[in-house]
Amino acid sequence: MAGATQQRTFAIRTYGCQMNMHDSERLAGLLEGAGYRRADEGAEPDVVVFNTCAVRENADNRLYGNLGHLLPVKNAHPGMQIAVGGCLAQKDRAAITERAPWVDVVFGTHNIGSLPALLERARIRREAQVEILESLEQFPSVLPVSRESAYSGWVAISVGCNNTCTFCIVPSLRGKEEDRRPGDVLAEVRALADDGVLEITLLGQNVNSYGVGFGDRLAFGRLLRACGEIEGLERVRFTSPHPRDFTDDVIEAMAQTPNVMPQLHMPLQSGSDAVLRAMRRAYRRDKYLAILDRVRAAMPEAAITTDIIVGFPGETEQDFSDTLDLVRAARFASAFTFQYSIRPGTPAASMPDQVPPAVVAERYERLAALVAEVAWAENRKLVGSEVEVLVAVGEGRKDSATHRMSGRARDNRLVHFAPPDPAPRPGDVLTTIVTSASPHYLLADAAPLTVRATRGGDAWAARQAGDARADDYCAATPVLLGIPALRTPG
Ligand code: SF4
Ligand code: F3S
């Protein structure tokens, strides 16, 4: 327990998508700015923050289960505070302190900047503080940030979403789309590059509609090109694009900007036009496939990944088989597949013809098997080719049995490689030859062709030397590398 003169410590538990992960970096930055420090591993923090997600079925039961486990800990740790923020807090509001009266602070998605003040107020007044706003008070990017990775960073370009997909709770929790000014985005990207960051991921719920807010429909392509001008920035990625708004100027910008990576994660959700209509997704399978054709014509080496929901209400065996056909035609490098389940508060929750769970589960197995088969065939095509790998923390740990290290190729494929001696640092870059492939990764067991120490590796080493947070990176890095529990919905 922290004494009166000791710095209070915190820990943040984050659920959901990259947007939430990035919000947690802001929450950490705010708390550090307010004089808190991260709790050491294994130590009981003075403040526990839950940054929640509302997407998964039973998300609320899981939250209350976690809060219940924390009650005896809090009782044994005088002065401990518990804060609940994020999408589930925005949804459930005061119900949280009714069901878990030992929670001290509830804050929403629009006011993460209030957390330090709410904690302070709850401490002084000795009563729970609940503050949920209906719209954004301040674009989160103006808030301080405590980044998880030394060499990779997220940059939010917009928050919220103007679409109304019938399975999605996000618009009601994150509000209408708000776009950040390109100058602000680019200033943040430049500052990150100056700090040794090699790779950025531009984040938005629908990056292709970026610019609607300030009347420039070509703004996203322009932003990609402008990122190409930033010295030291080696890899630019983005998530999530929406097929409805995906325009050719973006494909051209991707193909013509060398540091924009040959990779596209574009949510499909279903390969059936009838299901897409019921989902209120304003594109059809032909349009989706035509975008992929144009992307591949411009960038033959592009790896395309997606999200697919199985068992949406009304999905017939024929609809499902349309999805399987599309997966074969699209040759996805991988896909995040989800079994549809009722999400309270969404239009789809009250639709007739909910598909029985056993049918959903059986279709899911068939889809997952096909996705793995297609991904494996795509990965095998790369055997014998040269890949450039950005060495990763966490994934980059030496495997004790094989001694391999890991990282991501330019197209975001996971690569396990035989390390040279001395081993490269996370954030360094090497080139190597792919020697074999599995459905989920590439192997490169020959000695690397080149190894390049980078400013990203220097930044990582500097943190290792001077910052205890280096220990935290392993948990965060898989997310930065594109394998989070959830994708940013799109
Ligand atoms: Fe918006 Fe994506 Fe949700 Fe659709 S799925 S409403 S595009 S955030
Ligand atoms: Fe979950 Fe909110 Fe992201 S509901 S998926 S954390 S936008």
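Values reported hereafter were calculated over all heavy atoms of this structure, with side chains retained and with hydrogens, waters and symmetry mates removed. Counting starts at 1 for both ligands and their atoms, following the listed order.
Proximity to Gln205 (heavy-atom distance under 4.0 Å) selects the following atoms of ligand 1: 8 (S). Taking every heavy atom of Pro171 and a limit of under 4.0 angstrom, the matching atoms of ligand 1 come to 6 (S). Every atom of ligand 2 is numbered from 1 in the order shown, and the set under 4.0 Å from a heavy atom of Ala54 is 1 (Fe), 4 (S). Heavy-atom proximity to Gln205, at under 4.0 Å, picks out these atoms of ligand 2: 7 (S). Applying the 4.0 Å criterion to heavy atoms of Cys53 picks out, from ligand 2, the atoms 1 (Fe), 4 (S), 5 (S), 6 (S). Atom numbering of ligand 1 starts at 1 in the shown order; those under 4.0 Å from a heavy atom of Phe167 are 5 (S). Those atoms of ligand 2 that come under 4.0 Å of a heavy atom in Val170, given as number and element, are 7 (S). Interface atoms of ligand 1 facing Cys168, defined by a heavy-atom separation under 4.0 Å, are 3 (Fe), 5 (S), 6 (S), 8 (S). Distances below 4.0 Å separate heavy atoms of Val55 from the following atoms of ligand 2: 1 (Fe), 4 (S), 5 (S).
Neither side chain, Asn66 nor Arg13, offers a donor N or O lying under 3.5 Å from an acceptor on the other. Side-chain N/O atoms of Gln129 and Asp104 include no donor and acceptor closer than 3.5 Å. Checked by atom type, the side-chain pair Ser272/Asp322 shows no donor-acceptor distance below 3.5 Å.
At a 4.0 Å cut-off, not a single heavy atom of Arg174 sits close enough to ligand 1 to count as contact. Distances from ligand 2 to the non-hydrogen atoms of Gly86 include no value under 4.0 Å.
When the heavy atoms of Gln90, Met19, Gln18, Arg174 are ranked by distance to atom 7 (S) of ligand 2, first place goes to Arg174. For atom 2 (Fe) of ligand 2, the candidate residues are Cys87, Gly16, Ala59, Cys168; the nearest heavy-atom contact is made by Cys87.
The shortest contact between atom 5 (S) of ligand 1 and any protein heavy atom is with Gly490 O, 3.5 Å. In this structure, the protein non-hydrogen atom closest to atom 4 (Fe) of ligand 1 is Cys165 SG, 2.3 Å.
Under the 4.0 Å criterion applied to side-chain N and carboxylate O atoms, Glu317 and Arg363 are assigned as salt-bridge partners. A salt bridge does not link Lys74 to Asp46: none of the charged nitrogens lies less than 4.0 Å from a carboxylate oxygen.
Note on Cys161: counted as a metal contact of atom 1 (Fe) of ligand 1, an N/O/S atom lying under 2.8 Å.
Taking the six-membered ring where the residue is Trp, the centroids of Phe246 and Tyr288 are separated by 6.0 Å or more. Taking the six-membered ring for Trp and the full ring otherwise, Tyr283 and His242 have centroids separated by under 6.0 Å.
Counting all heavy atoms, side chain and backbone alike, Ile251 lies closest to Met299 at O-CE, 4.3 Å.
With values rounded to the nearest 0.5 angstrom, Thr239 atom OG1 is found 11.0 Å from Trp154 atom CH2.
A donor-acceptor contact shorter than 3.5 Å is absent between the side chain of Asp195 and the backbone of Val197.
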